[in-house]
Amino acid sequence: MRVHNFNAGPAVLPLPVLHQVRDELVELPHLGQSVMEMSHRSKDFEVFLDRAENGLRRLLGLSDDFAVLFLGGGASLQFSMAPMNLLADGARADYLVHGSWGVKALKEAQKEGNARLAATTKDAGYRRVPEETQMTLDASAKYVHFTSNETIEGVQWPREPQTGGAPLVCDASSDILSRPIDIEKYGLIYAGAQKNIGPSGVTVVIIRRDWIEPRGDLPTMLSYATHAKERSLYNTPNTFGIYMVGLVCEWIESLGGLEGMARRSGEKAGLIYDAIDASDFYRGFAEKESRSQMNVTFRLPNEELERKFAAQSEKAGLIGLKGHRSVGGLRASIYNALEPEPVRVLVDFMREFERENG
Ligand SMILES: *Cc1c(COP(=O)(O)O)cnc(C)c1O
C-alpha cells in the first residue's frame with residue numbers, strides 16, 4: 001500500500017504518471033525499448049524532449065523568446081551558473097532573501113559577481129517575505145533574484161515582488177507549475193524537478209533568449225549558450241527525467257493546468273492552516289500573509305510533543321512530516337501531486353493528536 005507522502009523532495013509523484021512509467025519501463029509502445037536505453041540523439045528520444053519542452057511551454061505560456069533547458073547539477077548549480085552567465089562586465093544583481101535557499105543563492109552569487117543583498121527578513125526569523133517598502137533596489141540592476149517559495153521555512157511570495165523594472169530571476173524549485181505566473185516579468189526561472197515536476201537529477205531552466213550570450217571564458221558545461229545551442233543535448237542529459245517531466249506536464253494539463261493546480265493547492269493548504277488557526281495547540285511558523293501553499297510549517301507546544309507527533313504520524317502511514325533540522329517542528333509538503341485525501345487524513349490525525357495530548 002502506498003503511504004501518505006508529505007516528503008519535501010524528492011516527493012510524491014502523480015499516481016497515473018507512475019502507472020504509465022511502469023507500463024512503459026521495459027518497452028515503450030512500438031519502440032521495443034525503454035526510454036533509458038535509447039540514444040539521446042535519436043529521433044525517438046526527440047519526441048520525449050519535445051513533449052517535456054512543449055508541456056512547459058503550454059503551461060507557462062512561454063513564447064519563443066524563451067529557451068527551455070534541461071540540465072544537471074540541481075537548483076544548487078544554478079545558484080552559481082546564473083550569476084556566472086549574467087553578471088559579466090560588472091553587471092549588478094539584487095537578491096531578496098527570506099530563507100535558507102535564498103541565503104545559499106546569494107552566497108554563491110557573491111563569489112561570481114556583483115550581487116547585493118537588497119532585502120532580508122533574517123531579523124524576523126525568516127517567517128515572512130520582505131515588505132516591498134523595505135527593499136532598496138538598484139534601478140540599473142541586471143536582475144532581481146528571489147526564491148518564490150522557501151521550502152524549509154514554508155514561506156512563499158503571494159505574487160511576484162515589484163521591482164520597478166529589473167527583470168526577475170527566480171528559484172522556483174518548490175512551487176513551479178503550482179500557480180499561474182506573469183512570465184513577462186522574468187528573465188530566468190530555474191527549478192530542480194524533484195519537488196513539483198518529476199524525479200531528481202534534472203533541472204529545468206527557462207531563460208530569455210536575448211540573455212544567452214556565448215561565453216568563451218566559462219567552462220563549456222557552465223555556459224547557458226552551450227546548452228541552448230544544442231537543445232540540452234551537448235552532453236547526455238537525464239533522459240528518463242525529461243521523459244517524466246513531459247508526463248507530469250500532461251497530467252497537470254488534464255487537471256486544468258496551473259489554475260487547476262492553484263485551486264487544488266489552495267484547498268489543501270487551507271484545510272491544514274484552518275486546523276492550525278482553530279487550535280492553540282498548533283502554531284504556524286510563517287506569518288499569515290506569507291504562508292506557503294506548498295510547505296506548511298508548524299510547531300507544537302514543545303519539542304517532545306513534536307517528536308511524538310512525527311513518530312506517531314509515521315506509524316499511521318503519514319510520512320515525511322518531520323520539519324527540517326534548521327527550523328524544527330513539523331512540515332507538511334503538499335506539492336501538486338499530493339491528492340486532497342492524504343491532507344484530510346493528516347487534519348484528522350492532527351485533531352486526534354491534540355485531543356490526546358492537548
Ligand atoms: C530543494 C531546493 C533547492 C535545492 O535543489 P537541488 O536540486 O537539490 O540542488 C534549491 N532551492 C529550493 C527553493 C529548493 O526547494
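In each ligand, atom 1 is the first atom listed, and ligand 1 is the first ligand listed.
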With R116 via side chain to side chain donor-acceptor pair (under 3.5 Å) - residues at least two apart | D94
Partner of H324 under side chain to side chain contact (heavy atoms under 4.5 Å, CB included), picked from I152, T151, T297, N295, is I152
Distance-only polar pair, side chains of S140 and R92, donor-acceptor under 3.5 Å = yes
Lys NZ or Arg CZ of K185 over W157 ring: under 6.0 Å, within 45° | no
Does one side chain, of Y186 or E160, offer a donor that lies under 3.5 Å from an acceptor on the other?
-> yes
Between the side chains of S292 and E150, does any donor sit under 3.5 Å from an acceptor?
-> no
Residues in contact with ligand 1, criterion: heavy atom under 4.0 Å = G74, A75, S76, F79, W101, T147, N149, T151, D171, S173, S174, Q194, K195
